[in-house]
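Structure first, commentary second.
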Amino acid sequence: MGQLTTYQNYIDGQWSDSVSGETYTITNPAHKSQVLGRFQRSNNEDAVRAIEAARNALDGWASTPAPQRAAILFKALQLMEARGDELARSITIEEGKPIGDAMGEVKRSMNITEYAAGEGRRMFGNTTPSELPNTVAYTSRRPLGVVGIITPWNFPLAIPAWKIAPALICGNTLVFKPASATPMTAVALTKIFEDAGLPPGVLNLVTGPGGSVGNTIVDHPDVSGVSFTGSTEVGTALYTRATQTLKKVQAEMGGKNAVIVLEDADMDSALGGIVQGAFGSTGQRCTATSRVVVQESVYDAFMTELIERTSKLTVGDGLDPAMDIAPLSSQSQFNTVMEYIGIGAEEGATIAYGGNPRTEGDLDEGYYVEPTIFTNVDTNMRIAQEEIFGPVLTVFKAADLEEAVSITNNVKFGLSSSIYTMDIPQAFRYIDTVETGIVHVNSPTLGGEVHLPFGGMKESGVGTREQGTEAINFFTEPVTVYIDYSSAARA
Ligand code: NAP
């Protein structure tokens, strides 16, 4: 612990300790004994300081022309690229995911920053004919104001970036509370915006517990909006609480994403997409594939090949580029995943592959679990209904598309889904009836492109979607303007 770095909050352009002076440490999920750093355990007072700094910086930033704000984002983009290897390493040692996935996360963060910077020269309103003579009618956009950014641990760079970059280009000032488990990458991202020349107070970072820092942001009257990503449980409570003070809220939450494989599917492509979707990033993606529904005529052949491919996946430290599956991100994630595997077995499902921790050699230093496949799953079982958030896949049989869609929709979540088929009418019937915010045909349930809306239906999301022009809609208030140039008194 002698050489341990202490990381600080960033408030009003200054790196500073929490008011209480309290700190906490985090460890590498691949090597539990490796302590990565000491971070500020901030409280209500720190959050209030950050909100005040953001409020004081608001007029200056909101009145900075959007193309000038964009210039700072373009500079941040360059810094992200220059520091890409360092950022990816930070993601892997802090969250655990394989280094290739971490590099993908850096790229995604760059893409959204580039997209948001480009919006600095668009940010269009509408002009429209007025119903009155000699009158001009148009809309313009204003920043929301001070916005709280509250993020989960599973994408410690990309999710903050896809909220912060659009929020900044729209002229808002921010209080950023990252997940307590992943503050290190949050510090690195904040440093990038500082080095890119963001004025003091525009972006403020406060690390510490959701219960104190998070709730202060959610309750404070000077905060006009909250952009949250995390669990449905926390998101629902946060939404209910924040809307009490009429804040604008977007909450992107959990998922239970399913893939349908019809009998005419390209099996190689389907299996590749499902293995990647279920076990890539150790299943800890909100868009991870957690259910597969296979048409019964091809079920046996599909299962044989799925197990064959899964058995070839390598498990180990995410820093080793040869590893397909890295550790779960924490002891509590490990406990949750093992608990669900136990629940599935108790409920009567069959473990067709995996089901155990991996502890051989130095794997006992981390939170490793075998990729796990359940068959004979009933749709009412907890493993069929609840988000597990680990490398666990449940497989169902269906007679036809209608039954497969019914199984897919029979959950409270509605984030992402996919179908593998070459049958165009069936694909369109699926697109029209599946209850998810993101729909894939012949591609995995994963990810999304930054210029398109991202988010879910049902208990997966509430409020305006993220990314693309939807993000600009969320982070601005529309103002409708009528100008009467007739110089005549209105009748
Ligand atoms: P979480 O426990 O809900 O936490 C998310 C964030 O909320 C963290 O920063 C957390 O702080 C904070 N928080 C906790 N209690 C709070 C409160 N009372 N008020 C305000 N903030 C509070 O979620 P997680 O475990 O970090 O992330 C995993 C979840 O995120 C999964 O359910 C996953 O599906 C979901 N997710 C969804 C998407 C999407 O776009 N739909 C993307 C990625 C992840 P602490 O860390 O200090 O508790």
Side-chain angles (χ1 to χ4, degrees), residues 7-16 18 39-44 46-58 61 69 72-73 76 80 87 90-91 94 109 112-113 116 143-196 198-210 212-218 220 222-230 234 238 242 247 249-252 466 471 474-475:
Y7 296 83
Q8 295 174 301
N9 288 332
Y10 183 67
I11 299 176
D12 205 12
Q14 301 292 321
W15 292 95
S16 55
S18 63
F39 296 86
Q40 304 305 310
R41 190 186 297 282
S42 312
N43 62 22
N44 170 53
D46 301 290
V48 169
R49 281 188 57 219
I51 292 165
E52 285 170 357
R55 191 189 56 209
N56 293 337
L58 184 61
W61 184 243
R69 299 198 290 256
I72 294 176
L73 291 195
M80 272 180 209
L87 288 168
S90 169
I91 293 168
E94 182 175 57
S109 309
I112 188 72
T113 306
L144 266 186
V146 174
V147 177
I149 304 287
I150 301 181
T151 55
W153 48 262
N154 70 323
F155 280 93
L157 186 73
I159 292 179
W162 86 46
K163 294 177 186 296
I164 290 171
L168 288 178
I169 200 64
C170 293
N172 301 287
T173 56
L174 311 178
V175 179
F176 168 30
K177 192 218 99 58
S180 293
T182 52
M184 192 167 69
T185 308
V187 169
L189 179 64
T190 304
K191 185 92 183 73
I192 281 175
F193 282 108
E194 178 192 26
D195 294 348
L198 210 58
V202 173
L203 171 63
N204 304 278
L205 169 75
V206 186
T207 60
S212 53
V213 177
N215 278 339
T216 303
I217 294 170
V218 169
H220 201 287
D222 288 345
V223 174
S224 308
V226 178
S227 179
F228 166 88
T229 300
V234 172
L238 176 143
K247 290 180 173 52
V249 182
Q250 63 179 182
E252 287 304 334
E466 299 201 272
F474 178 73
F475 287 114

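Using a 4.5 Å heavy-atom cutoff, the side chains of Asn44 and Val48 are in contact. Residues Val223 and Val175 have side chains not in contact (no heavy-atom distance under 4.5 Å, counting atoms from C-beta outward). Side-chain contact between Thr113 and Met80 is present, with heavy atoms from C-beta onward closer than 4.5 Å. Looking only at side-chain heavy atoms (C-beta outward), Arg69 and Leu168 stay at 4.5 Å or farther from each other. Inter-residue side-chain proximity for Pro209 and Arg41 is flagged as met; some heavy-atom pair is nearer than 4.5 Å. A heavy-atom distance below 4.5 Å is not found between the side chains of Ile72 and Val202.
The closest donor-acceptor contact from the side chain of Asn204 to the backbone of Gly201 lies under 3.5 Å. A donor-acceptor pair under 3.5 Å is formed between the side chain of Lys247 and the backbone N or O of His220. Side-chain atoms of Gln8 do not come within 3.5 Å of backbone N or O of Gln40 as any donor-acceptor pair.
No side-chain N or O of Asn43 forms a donor-acceptor pair with one of Ser212 less than 3.5 Å apart. Under the 3.5 Å distance criterion, with hydrogens and angles disregarded, a donor-acceptor pair is assigned to the side chains of Ser227 and Gln250.
Looking at every heavy atom in both residues, Ala50 comes nearest to Val206 through CB-CG2, 3.5 Å. In plain terms, the two heavy atoms of Thr173 and Arg55 that are nearest each other are OG1-N, 4.4 Å. Minimum interatomic distance between Val213 and Lys177 (heavy atoms only, all atoms of both residues): CG1-CG, 3.5 Å. The two residues Cys170 and Phe475 come nearest to each other via the heavy atoms CB-O, 3.6 Å. When every heavy atom of Glu466 is checked against every heavy atom of Thr229, the shortest pair comes out as OE1-OG1, 3.5 Å. The minimum heavy-atom distance linking Leu174 with Ala167 is given by the pair CD2-CB, 3.7 Å.
Taking OG1 of Thr207 as the reference point, atom CG of Asn9 lies at 4.5 Å (rounded to 0.5 Å). Atom CG in Asn154 sits 11.0 Å away from atom CD1 in Ile91 (nearest 0.5 Å). Atom CG of residue Leu205 and atom CG of residue Asp46 lie 11.0 Å apart, to the nearest 0.5 angstrom. Atom CD1 of Ile11 is separated from atom CD1 of Ile51 by 10.0 Å, given to the nearest 0.5 angstrom. To the nearest 0.5 Å, atoms OG1 (Thr190) and CD1 (Ile164) are separated by 6.0 Å. Atoms NZ and CD1, from Lys163 and Ile112 in turn, are 11.0 Å apart once rounded to the nearest 0.5 Å.
By the ring-ring contact (aromatic ring centres under 6.0 Å, His included) test, Phe228 is found to be paired with no residue, residues two or more places apart in sequence or in another chain being considered. Remark: Phe193 pairs with no residue by the ring-ring contact (aromatic ring centres under 6.0 Å, His included) rule, at least two apart or across chains.
Considering Val226, Asn172, Leu58 as possible partners of Leu144, the one that fulfils the side-chain contact (heavy atoms from CB on, under 4.5 Å) test is Asn172.
Salt bridge annotation for Glu52-Arg49: absent, with no cationic side-chain nitrogen under 4.0 angstrom from a carboxylate oxygen.
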>> Does Phe176 form a side chain to side chain contact (heavy atoms under 4.5 Å, CB included) with Thr151? I'd like the steps, not just the answer.
In response: CA-CA 8 Å; Phe176 168 30; Thr151 55; 3.5 Å; yes
>> The test is side chain to side chain contact (heavy atoms under 4.5 Å, CB included); show your working for Met184 and Phe39 and say whether it passes.
In response: CA-CA 8 Å; Met184 192 167 69; Phe39 296 86; 3.7 Å; yes
